[in-house]
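No experiment lies behind these values; they were computed from the predicted model shown. Residue numbering restarts at 1 for every chain, and letters A, B, ... go by the order of the sequence lines.
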Protein chains: 2
Amino acid sequence: MRADNGGVPKQNDKTVTPSPARRRELLATAAEVFAAQGYNATTVRKIADEAGMLAGSLYYHFDSKEGILDEILSSFLEELWQGYDAVLAAGLGPRETIEALVTESFREIDRHRAAVAIYQKESKHLAKQERFGYLVESQQKFEKAWLGTLERGVAAQVFRSDLDIRLTYRFVRDTVWVAASWYRPGGQHSPEEIARQYLSMVLDGIAVRE
Amino acid sequence: MRADNGGVPKQNDKTVTPSPARRRELLATAAEVFAAQGYNATTVRKIADEAGMLAGSLYYHFDSKEGILDEILSSFLEELWQGYDAVLAAGLGPRETIEALVTESFREIDRHRAAVAIYQKESKHLAKQERFGYLVESQQKFEKAWLGTLERGVAAQVFRSDLDIRLTYRFVRDTVWVAASWYRPGGQHSPEEIARQYLSMVLDGIAVRE
DNA sequence: GACCTTCCCTAACAAGTGTTTGGTAGGTTA
DNA sequence: TAACCTACCAAACACTTGTTAGGGAAGGTC
């Protein structure tokens, strides 16, 4: 549990200075292994092995296994919110906002597939730990953005009012993010194309209209 | 389904005979812990603690931690397929089949919430192990049933033909099962009511029609 | 009362875990 | 050439893990 008391930057004051480039490489391989096997099932020896080194050598770059996970998740969320905030600040209508959020989400899945998969699997019980408190904050901010947009849409009569709004929220949220479990970059469809079809299903349904 | 070599029943020939009722209790508490913390993050000591006994005592009832997981998952899938097979054998139209499958799924989530959550989190990497080969078979059977019904619906012009059918399949599949991550029995809505609203969203969309 | 069965405890085991410490090859700088 | 820094290795550490072996208390059966 970090406990970097009182505004002190998160950076730990090691005497050694690992290169940021190498760190990013190692974070990427660690993320892949975490995503494939689960965080707890992944040993630091496995990560090191995948990176072509020994377990102890990882501790030259990072101070703990949990620290690696922390960095993967927090840097992902940071980038996610950059995109989201831009969308939310654009002043779009409810339907256009939802469309933009979904599209942005699929782009994020495309770029951070492993991180998203980890987030999906682990965030729920990680959020209980103090160190990962920012997961809770992010989740609340997330709900506020999505649920708020949906409510705005219902008020503006562009979204149906006969549905439980919280059920709708979870429906939209989940359908987007679970895609990380099967999505593979460089596949048949681009993130934008997947977003387009998802939106089409969510907004208009899969049944034929008459 | 299970690879119980050559017709030999799975029952191990212990000299002791634990009561099935107590086993079911322990399986239920184990499932709760597995679902909450993840399988690998769960220690047998934690399970035993939750059950009010010591770790070693679990081995009077089960022969391994993996065996507990196996029993949770396989008995869930067994019951799931009882319901599914009944639906599939009913000879309904595509739309009615989907409706019945979704409803049945939510009933299953209601009854086996923990098992479903475990299945969602762990099945992907468990399927690589020989012992859990039945997960792969079940997943294939699952895909055949759902994807086949969707294709039948497209052919019958009750489902849209302008969507990637495999995308649609994953969409419908995921929207249903991720519900296990937030669903709590005894909540505001019955499984049937949730199924009804989910179906309404999936089939007709959340946008207002004009 | 002797025996048996059910269910759990006590106490330990071996293997695997994340992590630390000291060392060192190879390149860069002075 | 000497000092230094980066990035790793080798070997161990303390601890946790799933699992086992032996024992014993409670209750039922003969």
Side-chain angles (χ1 to χ4, degrees), chain A residues 1-3 11-31 33-34 36-73 118 122 125-126 129 131-132, chain B residues 11-31 33-34 36-73 118 122 125-126 129-132:
Chain A
M1 203 119 312
R2 171 111 27 178
Q11 195 79 18
N12 55 353
D13 45 358
K14 287 185 171 179
T15 55
V16 295
T17 54
S19 103
R22 184 68 175 128
R23 280 174 63 90
R24 269 193 298 276
E25 280 181 35
L26 294 173
L27 282 173
T29 65
V33 187
F34 284 156
Q37 323 219 353
Y39 172 72
N40 280 286
T42 301
T43 70
V44 297
R45 283 169 178 81
K46 173 72 180 171
I47 300 174
D49 202 48
E50 214 74 22
M53 54 196 236
L54 293 183
S57 309
L58 278 175
Y59 290 80
Y60 170 71
H61 299 276
F62 310 98
D63 43 334
S64 71
K65 182 190 177 189
E66 208 180 57
I68 298 177
L69 177 64
D70 192 349
E71 218 168 309
I72 292 171
L73 290 178
I118 298 168
E122 319 283 351
H125 65 268
L126 284 179
Q129 299 178 40
R131 171 172 203 164
F132 295 94
Chain B
Q11 196 77 18
N12 53 355
D13 44 358
K14 288 185 170 181
T15 53
V16 295
T17 53
S19 100
R22 184 69 175 129
R23 282 175 62 91
R24 268 194 298 277
E25 279 180 33
L26 294 173
L27 282 173
T29 66
V33 187
F34 284 157
Q37 323 218 355
Y39 172 71
N40 281 286
T42 301
T43 69
V44 297
R45 283 170 178 81
K46 173 72 180 173
I47 300 174
D49 202 49
E50 215 73 22
M53 53 196 242
L54 292 183
S57 308
L58 278 175
Y59 290 80
Y60 170 72
H61 298 276
F62 310 98
D63 42 338
S64 72
K65 181 190 176 188
E66 207 179 59
I68 298 178
L69 177 64
D70 192 350
E71 216 168 311
I72 292 171
L73 290 178
I118 298 168
E122 318 284 352
H125 66 266
L126 283 180
Q129 298 177 41
E130 190 180 356
R131 171 169 203 168
F132 295 94

Asker: Counting side-chain heavy atoms from CB outward, which of C:dT19, D:dT19, C:dC9 is closest to B:M53?
Answerer: C:dC9
Asker: Any idea which of D:dG18, C:dT6, C:dT10 is nearest the B:L54 side chain?
Answerer: C:dT10
Asker: Take the protein atom CD of A:E25 and the nucleotide atom P of D:dA7, then report the distance between them rounded to whole Å.
Answerer: 11 Å
Asker: From C-beta outward on A:S64, which listed nucleotide comes closest to its side chain: D:dT17, C:dC8, C:dT19?
Answerer: C:dT19
Asker: Can you tell me how far C1' of C:dG18 sits from CG of B:N40, to the nearest Å?
Answerer: 15 Å
Asker: For D:dT6, take OP1 and OP2 only and decide whether either is under 4.0 Å from a side-chain N or O of A:R22.
Answerer: no
Asker: Which nucleotide, C:dC8, C:dT19, D:dA7, lies nearest any side-chain atom of B:S57?
Answerer: C:dC8
Asker: Supply the atom-to-atom distance B:K65 NZ to B:L58 CG, rounded to the nearest 0.5 angstrom.
Answerer: 11.5 Å
Asker: I'd like to know if A:R45 reaches the base of C:dG18 with its side chain such that a donor and an acceptor end up less than 3.5 angstrom apart.
Answerer: yes
Asker: Rounded to the nearest angstrom, tell me the gap between atom CD1 in B:I47 and atom C1' in C:dC8.
Answerer: 17 Å
Asker: Nearest of D:dT19, C:dG18, D:dC9 to any side-chain atom of B:Y59?
Answerer: D:dT19
Asker: With side chains defined as the heavy atoms from C-beta onward, is the minimum distance between B:L26 and B:R22 less than 4.5 Å?
Answerer: yes
